[in-house]
Structure formats: structure tokens, C-alpha cells
Amino acid sequence: MDPRYDPSAVEQRWQTTWEEEGLYAAGAGAHRPDTFVVMHPPPNISGSLTIGHVLQLSIEDTLVRWSRMRGYDTLFQPGYDHAGISTWAAIGRTLAKEGKSQRDLGREGFDAYVQEWLARYGGTIMSQFRWVGASLDYGRTRFTMDDGYYRAVIRWFVHLYRRGWIYRDNRISNWCPRDRTALSDLELEPEEVDDTLFFIGYPLADGSGHVTIATVRPATILADTAVAVHPDDERYRDLVGREVVVPYVERRVPIVADEQVDREFGTGALKVTPGHDPLDFEIGRAHGLDELVVIGLDGRMSAEAGELAGLTQQEAGERVIEWARERGLIERQEPYRHAVPTCERCHSRVEPLIMLQWWCAMDELAAPAIAAVEDGGVRFTPERFARVYLDWMRNVRPWCISRQIWWGHRIPVWYCPDGHLTVEEDAPAACAECGSAELRQEEDVLDTWFSSALYPFATLGWPDETPELASYYPGSVLATARDIIFLWVARMVFSGLELLGEKPFGDVLIHSTLLNPEGRRMSRTLGTGIDPEDALEPYGADATRYGLLKVTSTQDARFSFDSIEEGRRLAIKLWNVARLILANAGDARPEVAPRDLEERWILARIDAARAEADEHLARLELAPVTAVLYHLTFDDFCDWYAEAVKPRLYGGDGDARATALAALERLLALLHPVMPHVTEEIWTQLPVREARLIVSPWPEPDERFSADEHALDRVQEAAQIFRRSAVQVELGSDDERRIFAAVVRPERTRADGNADAEIARLRSEVARAEGMLANERFVANAPAEVVEAEQEKLERYRRELAALEGS
RNA sequence: GGGCGGUUAGCUCAGCUGGUAGAGCGCCUGCUUUACACGCAGGUGGCCGCAGGUUCGAGUCCUGCACCGCCCACCA
């Protein structure tokens with residue numbers, strides 16, 4: 001073996017070998033009927049890997065490899081997402097450099113361009129997946145726009161349409177004037193802005209006074225169709241049912257009462273603009289108000305704004321205010337800071353506009369998806385995210401699913417010249433209503449998340465009844481960051497329940513969001529992110545995986561190269577101890593032939609670590625696993641076992657050699673899910689191996705040694721005391737004395753004879769324990785085992801103290 | 001406005017159903033030449049955010065408060 005471990009060559013070689021030998025394929029190594037399925041969240045085809053993706057892959061791959069070694073039929077599914085608006089916008093930015101836009105290309109020209117673009121930028125992500133060592137079944141890679149998947153999405157649309165839950169309607173929509181498409185509520189991002197709140201008098205139609213309203217958007221006054229007050233508001237009770245005159249347009253509109261009005265805000269009277277505000281829209285529909293629109297798709301005043309047409313809202317607002325001020329209707333104005341919705345992608349201010357869009361009603365879909373989490377069929381880890389999911393699901397509103405872009409699944413609706421709709425999976429020959437053959441397909445495409453929602457089964461061949469679908473649905477664990485609980489997780493749950501009658505996965509693991517070393521959110525656009533290759537290249541995949549898993553928890557985690565450095569040291573340590581054992585193995589073959597204390601002890605320790613790791617992995621806790629492995633390797637295996645057995649290895653003890661090889665095998669197996677490459681590389685150096693480590697059995701516990709987990713406690717205590725004080729403590733057996741001599745080498749110890757400090761320490765421990773045991777209420781009320789433990793501690797301290805003082 | 005999370009060693013963080021504080025890194029000291037200085041051994045270092053409460057006993061449970069962060073939100 002090379003004295004120095006160089007991950008770069010080794011890792012790449014194994015990644016290729018495993019894949020070529022088919023060991024990443026679903027079912028590899030399986031010997032039990034259960035399946036373990038992980039759908040890796042499909043990355044945007046337009047993007048590149050972030051360090052957060054590497055964390056996610058590390059978590060998933062560790063669970064997958066662990067399951068594979070335990071004999072499960074595992075499927076780790078890879079794929080890409082076409083990422084509608086995201087890709088659309090990315091291409092827009094590229095085109096802008098040539099002074100063009102997407103729409104300049106025309107629909108077909110755009111299709112051609114996007115294919116070329118994907119060929120150029122699409123391939124890097126999967127090679128980065130491989131670099132991490134993610135054992136995805138690459139041969140099954142799916143794309144959310146491939147033919148089969150496309151068909152699934154269209155089937156889903158038609159299904160919902162026939163259910164009556166998808167409909168086309170003029171509703172208030174979120175319109176991004178820059179991207180020129182509608183957005184769902186989840187694609188908005190609030191942004192704080194400084195506005196002015198104007199208090200404007202609306203004269204009563206009969207001239208008997210006026211009602212004052214507050215607004216930050218005076219331009220929308222042109223589209224006011226009512227004033228609303230709270231029904232219980234004493235101030236306005238008498239005015240309900242009467243009329244006011246809207247300033248500037250001088251239109252008579254009613255005063256209505258609606259409980260959605262906040263009495264505390266402004267004057268308690270609200271101008272109602274159903275065409276340009278979500279709340280006003282609701283009030284308008286409830287009261288049958290007119291829905292006027294005065295703002296166009298470009299965000300400027302439209303033709304309906306009359307003489308103000310073409311002006312910006314700012315300009316139009318100033319004109320309206322000026323008009324009102326001249327007539328003494330401006331009561332006052334004050335600066336006002338508030339959050340307004342913006343497009344999460346381009347940060348333009350989103351216009352709420354009434355427009356014709358496709359909607360999906362959510363009530364019927366949400367009910368079973370709520371039940372699935374309430375009754376524990378779908379579990380969240382950490383649990384608190386179940387509430388986040390439920391709160392959203394219980395208050396979910398209609399989902400706007402149409403987008404006015406050209407990249408995505410085109411809505412399967414055809415219009416005839418008379419405006420009849422035909423909804424079919426395949427292009428119909430004639431209008432279903434009038435028989436007209438002159439059909440035109442809907443221009444809009446579907447929201448990206450409408451298709452992602454099908455991921456857990458569309459990737460398996462749905463709507464066909466494939467063997468994969470039968471075997472691998474539902475999946476096991478979905479690992480994701482918390483930012484897509486609504487966008488994706490929730491939608492997968494309800495689509496799976498609706499189409500297959502079964503939840504898509506049993507566990508949702510919400511892992512840490514990685515922050516940069518300063519504790520700030522990483523952002524590609526701000527350049528505060530970490531390029532995964534900056535870790536993978538110098539440290540290697542094993543170290544990177546280990547380092548990321550170490551810091552992940554139920555909280556956000558700061559990324560740091562320190563933990564990756566620790567992983568690197570672990571890999572090197574493993575490499576070196578393997579060299580020690582292999583160089584001194586002679587012609588021994590791995591066999592559990594324990595004869596002496598240190599061997600039974602290390603086998604017991606490995607078993608205990610395995611049990612601990614199993615427990616944590618079953619609970620989807622990854623960070624504690626790295627700690628268990630680290631201490632097992634460094635402290636138990638290297639610093640104690642290897643040191644203790646070393647003289648016997650040198651001396652040609654066959655049993656010691658055979659057992660050392662067997663113990664090393666088990667250690668490698670335990671580490672493999674986290675650090676697959678270095679462990680597999682060492683594995684191939686072992687004299688006997690029946691298979692690749694990646695598909696070798698997870699170590700079974702050996703009851704013969706479970707009692708020996710603490711066999712070295714006395715020796716370790718004696719060593720501790722000796723190293724601190726140079727005082728020799730009596731040991732009970734020859735084995736113990738031999739191990740002590742092998743591990744505790746006086747010439748490598750400070751041994752400054754500081755027995756006094758040790759005696760003082762033990763005396764204070766004895767005093768503390770005596771104090772507790774003298775407390776009658778403690779002895780009476782504490783559980784028996786706690787009191788016993790305290791007594792044992794006291795006895796041990798007294799024993800050690802006696803040994804020290806006697807010497 | 002509503003909700004959630006955090007506050008523990010110089011730094012980054014563990015501490016499950018309450019039993020008298022841990023890890024890694026850093027720092028100090030001493031050890032190298034038959035696995036590894038990418039190493040070994042030892043050590044220093046904590047009113048567990050603040051104030052109350054429950055309890056024989058609180059980092060852990062309860063109530064308030066203070067900062068920091070996140071999510072949701074139609075107060076126009």
C-alpha cells in the first residue's frame with residue numbers, strides 16, 4: 001500500500017468501477033424483500049451544484065448505502081427538472097447579451113435554441129453527482145420533459161380537469177410585468193419599500209359629508225368600485241348602503257360592509273379595487289361589485305385609464321393626488337414602510353391583475369394530504385415541520401398553474417373559433433362541442449411544480465403499470481431543505497394520494513440549510529456560496545461527505561472546511577492503521593479467532609458502535625453517526641486496540657493477525673456508508689473478500705463479545721492515572737498488565753510524578769459523592785439506579801485514592 | 001401581525017424521557033525514526049442569555065424578558 005493516501009485517483013476509479021459493474025443499479029446486493037427508495041430531488045437543468053446539494057446527496061447516499069448493505073432492494077433515483085421559469089429566465093439573460101429576448105425567437109425558434117442550450121450546459125450536474133460518490137442508478141436518469149414524463153403530466157392535467165378541479169377563470173392573479181407571466185403565490189417574495197400613505201376623502205353622493213380612506217396606490221382609485229367598512233364598526237354603521245363618489249373618475253359607488261376589513265388600519269374604511277388587489281377582489285366577488293382594470297400587462301396605465309393611459313402608476317398616482325388636493329380632498333399623508341410582493345426571480349414588483357388563467361382548486365386535494373400527515377403515514381423529521389406543512393395545507397388557496405412562457409408542458413386544451421374548449425391528452429381532430437376542425441392549442445404552459453409533483457411515480461413509468469412502479473412506490477425517505485416543503489413536498493403528497501391512492505414516501509427529512517462561515521445565507525447571485533469543487537478537489541469526496549454530515553442537524557449549519565479537514569484525517573488514519581495490519585498479517589486470513597482481552601474488547605466495541613449507528617440512522621440522525629465512527633476509529637481501534645495488539649502482530653501470532661483482519665473488515669463496513677471510497681480501496685487489499693464492500697453485508701452483532709465492551713475500563717483508568725501522576729495502579733490479570741505495558745509507554749509519557757494533583761482531584765470527587773449520598777432526600781427520592789451509580793462512583797474513587805495514597 | 005428556531009468552553013456545535021456539563025478545532029506542555037507529526041499523551045478553559053417558578057435535584061420542565069435568525073401573512 002502506498003504510504004500516503006491520495007483520494008483523488010482512488011475515488012474516481014471506484015466511482016467508475018461501481019457504476020460499470022452495475023452495483024449502483026436498483027436491486028444490487030439485495031437479499032431481502034424490503035425496498036429502500038430515495039428520489040433525489042431533481043436539480044434544475046440550468047443550474048450547477050451547490051454545497052447544499054452535496055450535503056443532501058451525502059445524507060441520501062449514506063442512508064442508501066447503509067440500506068443496500070443491509071440487503072434491501074434499493075433504488076436511488078436520479079433526474080433533472082426542466083425548471084420552467086428558472087430556465088426561461090436564464091436563457092433570457094444569455095439572449096440579452098446578444099440584444100435579443102426569448103420572444104424574438106418565436107416559439108419554434110425558442111424550442112430549437114433551448115435544446116442546443118441544454119446540450120451545452122446540461123451535462124455537468126450528473127458528473128458532479130458521481131464525483132460525490134452518490135450511488136444513484138444513473139441508467140434510470142429521468143427528465144421532467146422527456147416523452148414519458150410529459151405524458152404523465154398531461155394525464156394529470158386531464159385527470160384534474162375531469163374531476164372538475166382545474167378550471168379557467170378570471171381571477172386576481174400575480175403578474176410579473178417583466179417576465180410577462182403569471183406566478184403562483186409561492187413564487188412571490190415580499191420586499192420592504194417606503195411608500196406614502198394618502199388619506200383621501202370620498203364625498204358622499206348626497207353631499208352630506210365624506211368618508212376618508214387610506215391608500216398607498218392612488219393610481220388604482222380609477223378602478224375603485226366600492227368602499228368597504230367592517231359591519232360592526234360604529235363609526236360607519238349608518239353609512240352602509242349609501243354611496244360615495246370616487247375622486248377623479250367621479251363615479252358613484254356603494255359603501256358595503258365586509259368582515260375582512262381591518263377596523264384598526266387607517267380610518268377603518270377601505271377603498272375597494274377588485275381588479276388590482278387580492279383582498280379587494282374577494283370583497284368584490286362577495287358583494288357582486290364591478291371588476292375594473294386600469295393597469296396593463298406592462299405595469300403601466302392601460303387604455304381603460306382614459307387620459308392617464310400610458311403613464312406609469314407613479315405618474316398617474318401623482319395626477320390623481322393633484323386632482324384631489326385641488327379639491328381639498330387630501331386630508332393628510334404620511335410616510336409608510338411596508339412589504340410588497342415581488343417576483344422571486346427578477347424582483348420586479350408583482351401586479352395583482354384580474355386576468356384569465358388556469359387554476360387548480362385545492363380543497364379536495366388538500367384534505368387527504370392533511371390526513372396523511374396527521375395520522376402519521378408521512379412523518380416529518382424534525383417533527384415541527386409537520387405543523388408548518390399542515391398550517392399551509394389547511395389554509396391553501398387556489399393554485400394558479402398556467403404560465404405565459406414557452407418552456408414547459410403545454411396545456412392540453414384546444415379552442416375552436418367559437419371559443420369552445422376541448423381537453424384531451426392527444427390533439428383532438430375536432431372540437432368536442434361544435435365539431436370544428438379549426439383548433440388552436442392553448443399557448444400557456446404549466447407551472448414547473450405541477451410536473452415536479454409527479455416525480456415519485458412519473459419517474460417509475462406512471463401512467464403505465466410498470467414493474468418499477470409496483471416495486472418502488474411508495475418511496476422511503478425524501479430528504480430536502482425546508483424551502484420547498486410547500487412548493488414540492490406538499491404537492492407530491494397530494495398528487496400521489498390522488499393518482500395512486502398512496503402516499504409517495506414515509507419520511508420527510510428536512511435537513512440543515514447550509515450557511516456560509518459568517519452565518520449568512522449562501523447565495524449564488526451574491527457570490528457568497530461555496531463551490532463544491534473547492535471541497536471535493538483538495539479534500540476528496542469521502543472527507544467532504546463526512547464533513548458535511550458532521551455539521552448537519554435540526555438547525556441551520558455553518559459550512560466550514562474544518563469539519564471536512566477532520567474527515568480527511570479520518571480517512572488517512574484508517575489508511576494507516578490498515579497498512580499496519582496488512583503489513584504484519586503474514587499469510588493470515590480474516591477470521592474471528594479472538595483469544596485475548598483486547599480482541600474481545602474491540603469486537604464488542606465495534607458491535608456497540610454498529611448498534612449506535614443503526615439507531616441514529618434509523619432516526620435519520622446523521623451527525624451523531626460521524627461522531628460514533630470517529631471515536632471508534634481513533635480512540636478504540638487505533639489508540640487502544642492497534643497499540644495493544646501490535647506486539648503480537650509483530651511476533652507472528654496467527655490468531656491475532658486473523659482477528660485483526662476480521663476486525664478491520666468490520667470497521668471498514670461500518671464506515672463505508674459515510675466514506676465509501678477509502679473503505680472500498682482498503683477492502684480490496686484484504687487477503688480474502690467475497691464481494692465488493694459496497695454490496696457486502698452490514699456487520700451482524702456477535703453476542704459472544706457483547707459482555708466485553710467494558711473489558712478495558714480498568715486498564716484505561718490505570719493508564720489515565722499513570723499518565724497524569726506516574727503512579728502505578730494495581731491491575732488484576734496478566735492480560736491487563738500486558739496491554740498496559742504495550743499501550744502505556746513511559747518514555748512517551750510526561751510522568752512528572754504529580755501525584756498530589758491527582759490525589760486532590762480524587763478527594764474532591766469523593767467529597768462530592770459522599771455529600772450527595774448523605775442527603776437523605778436525595779436517597780429517598782432519586783431512582784434506585786441513580787443512587788447506585790453514585791455509590792459505585794464513590795467506591796471507585798475511594799479505591800483509586802487508596803491506590804495512590806498507598807504508593 | 002402570526003408562528004418557529006437559536007442563545008452551552010476562545011471558535012463551531014452535541015447534550016434522548018430532569019441526576020450535578022461533553023466533542024472537534026484552537027491554545028499550553030511533553031513525546032518522533034518497524035501505521036500515521038496528516039501522529040501520540042497530558043493539560044488549560046464554562047454564574048449552560050437574563051429574571052422568576054416547579055423539584056431532594058434544572059442546561060434539560062413551566063412563566064416572563066432580552067437580543068439573533070427563519071417562515072408565513074390580502075392592515076389597503
Side-chain angles (χ1 to χ4, degrees), chain A residues 1 3-5 172 185 190 197 213-217 220 228 260-273 277-283 336 338-339 341 352 382 384-385 387-388 391-392 395 397 482-483 485-486 513 515 517 519-521 550-551 553-558 560 562-563 565-566 568-584 615 619 621 623-624 626-627 630-631 634 638-639 642-643 646 649-650 719-720 723-725 743-745 747-752 754 757 768-769 772 775-783 785-787 789-790:
Chain A
M1 282 173 81
R4 292 181 72 89
Y5 177 63
I172 195 89
D185 295 342
L197 189 60
I213 59 87
T215 182
V216 291
R217 300 183 66 196
T220 64
Q260 298 180 79
V261 177
D262 180 355
R263 279 178 277 183
E264 308 300 317
F265 188 86
T267 62
L270 167 70
K271 74 182 204 57
V272 183
T273 320
D277 183 275
L279 172 64
D280 296 10
F281 176 79
E282 296 290 334
I283 295 175
Y336 183 60
H338 64 145
R384 63 187 138 92
F385 289 109
R387 254 196 68 191
V388 174
D391 285 347
W392 181 76
N395 298 304
R397 293 162 27 158
R482 59 174 192 274
D483 51 355
I485 291 176
F486 311 140
T513 298
L515 307 174
R520 299 190 168 271
R521 213 191 165 98
K550 179 188 158 85
V551 300
S553 68
T554 61
Q555 296 303 128
D556 286 352
R558 290 187 197 204
S560 150
D562 292 348
S563 62
E565 173 63 27
E566 185 179 314
R568 197 176 71 93
R569 291 198 305 114
L570 178 57
I572 290 167
K573 190 74 176 174
L574 202 57
W575 182 256
N576 281 312
V577 79
R579 282 175 56 216
L580 166 72
I581 291 171
L582 286 163
N584 292 289
E615 209 172 296
R619 294 210 294 251
E621 300 164 346
T626 62
Y630 184 90
H631 289 113
F634 270 84
C638 293
D639 295 342
E643 291 299 331
K646 204 191 276 184
L649 294 181
Y650 292 154
Q720 181 94 28
R723 282 163 171 164
R724 276 208 283 247
S725 61
V743 176
V744 184
R745 283 174 283 173
E747 73 277 9
R748 297 180 66 177
T749 303
R750 185 154 119 199
D752 57 3
N754 189 11
R768 186 191 59 76
M772 278 187 75
N775 180 344
E776 284 170 26
R777 289 204 272 195
F778 166 71
V779 177
N781 294 312
E785 61 267 28
V786 173
V787 178
E790 207 54 47

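The separation of B:G49 from B:G59, taken at their P atoms, amounts to 10 Å, rounded to a whole angstrom. Spacing of P atoms, B:G46 relative to B:U8, comes out at 15 Å, to the nearest Å. On the P atoms, B:C50 is 13 Å away from B:U7, given to the nearest whole Å. To the nearest whole angstrom, the two P atoms, one in B:U44 and one in B:U32, are 23 Å apart. Comparing B:U17 with B:C75, their C1' atoms are spaced 44 Å from each other, to the whole Å. Comparing the same atom, P, in B:G22 and in B:C47 gives a spacing of 15 Å after rounding to whole Å. Only the C1' atoms considered, B:G3 is 23 Å distant from B:A76, to the nearest whole Å. Spacing of C1' atoms, B:U20 relative to B:G24, comes out at 24 Å, to the nearest Å.
A:R482 places a side-chain heavy atom less than 4.5 Å from the side chain of A:D556. At a threshold of 4.5 Å between non-hydrogen side-chain atoms, the residues A:Y630 and A:R569 count as touching. Contact of the A:D277 side chain with the A:K271 side chain is not registered, since no non-hydrogen atoms from C-beta on lie closer than 4.5 Å. At least one side-chain heavy atom of A:M1 sits under 4.5 Å from a side-chain heavy atom of A:L582.
The CZ atom of A:R558 sits 10 Å away from the C1' atom of B:C13 (whole-angstrom rounding). Taking atom CZ on A:F634 and atom C1' on B:A37, their separation rounds to 13 Å, with Å as the unit. Computed from coordinates, the A:Q720 CD to B:C40 P distance equals 16 Å when rounded to whole Å. Following rounding to the nearest Å, A:R723 (CZ) and B:C40 (C1') show an atom-to-atom distance of 8 Å. To the nearest angstrom, C1' of B:G39 lies 14 Å from CG of A:L570. Atom CG in A:L515 sits about 12 Å away from atom C1' in B:G6, given to the nearest Å. Atom CZ in A:R579 sits roughly 12 Å away from atom P in B:U34 (whole-Å rounding). Put simply, CG on A:D391 is 10 Å from P on B:G3, counting in whole angstrom units.
By the 30° and 60° cut-offs, the orientation of the rings of A:W392 relative to A:F486 is parallel.
Between A:S560 and the phosphate of B:C11, there is no side-chain N or O to OP1/OP2 separation shorter than 4.0 Å. Checking the phosphate oxygens (OP1, OP2) of B:A35, a side-chain nitrogen or oxygen of A:K646 falls inside 4.0 Å. Within the 4.0 Å cut-off from OP1 or OP2 of B:C4, not a single side-chain nitrogen or oxygen of A:R384 is found. Between A:K573 and the phosphate of B:A37, there is no side-chain N or O to OP1/OP2 separation shorter than 4.0 Å.
Figure legend. B:U54 is base-paired to no nucleotide; pairs are counted as Watson-Crick or G-U wobble with both atom distances under 3.5 Å. Checking B:A14 for Watson-Crick or G-U wobble geometry (two distances, each under 3.5 Å) identifies no partner in any strand. Under the Watson-Crick or G-U wobble criterion, with both distances below 3.5 Å, B:C36 has no partner in any strand shown. Using Watson-Crick or G-U wobble geometry with both donor-acceptor distances under 3.5 Å, B:G26 finds no partner in any strand shown. Summarising the base pairing, B:C47 is matched to no nucleotide, lacking a Watson-Crick or G-U wobble pair whose two defining distances lie under 3.5 Å. Using N1 to N3 plus N6-O4 or O6-N4 for Watson-Crick, or N1-O2 and O6-N3 for G-U wobble, each under 3.5 Å, B:A76 pairs with nothing. Checking B:A66 for Watson-Crick or G-U wobble geometry (two distances, each under 3.5 Å) identifies B:U7 as its partner.
Between A:V261 and A:A228, the closest heavy-atom pair is CG2-CB, 3.8 Å. Here the closest heavy-atom approach between residue A:T626 and residue A:K550 is recorded as OG1-CA, 3.5 Å.
Comparing A:E565 and A:P624, the nucleotide of RNA chain B nearest to each residue sits closer to the 5' end for A:P624. Taking for each of A:I581 and A:A557 the nucleotide of RNA chain B with the nearest heavy atom, the 5'-most of the two is the partner of A:A557.
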request  = Scan nucleotides 19-24 of chain B nucleotide by nucleotide, 5' to 3', and note B when protein non-hydrogen atoms come under 4.0 Å of the base, S if they reach only the sugar-phosphate, - if neither.
outcome  = BB--SS

query = What string of B, S and - do you get for nucleotides 70-76 of chain B 5' to 3' if you count protein non-hydrogen atoms under 4.0 Å?
reply = SSS-BBB

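The side chain of A:S553 approaches B:A14 more closely than any other nucleotide in the set B:C36, B:A14, B:G42. Minimum atom distance to the side chain of A:R724 is reached by B:G43, of the listed B:G43, B:A14, B:A35.
Shown here are the salt bridge (Lys or Arg N to Asp or Glu O under 4.0 Å) partners of A:R579, two or more places apart in sequence or in another chain: there are none.
Here the straight-line distance linking atom CH2 of A:W575 with atom CG of A:L570 works out to 14.0 Å at 0.5 Å rounding. Taking CD from A:E282 and CG from A:L279, the interatomic distance works out to 7.5 Å, rounded to the nearest 0.5 Å. Going from atom CG of A:D280 over to atom CG of A:L270 covers 5.0 Å, rounded to the nearest 0.5 Å. In this structure, CD1 in A:I213 is found 10.0 Å from CZ in A:F265, a value given to the nearest 0.5 Å.
Residue-to-nucleotide contacts include a donor-acceptor pair under 3.5 Å from the side chain of A:E643 to the base of B:A35.
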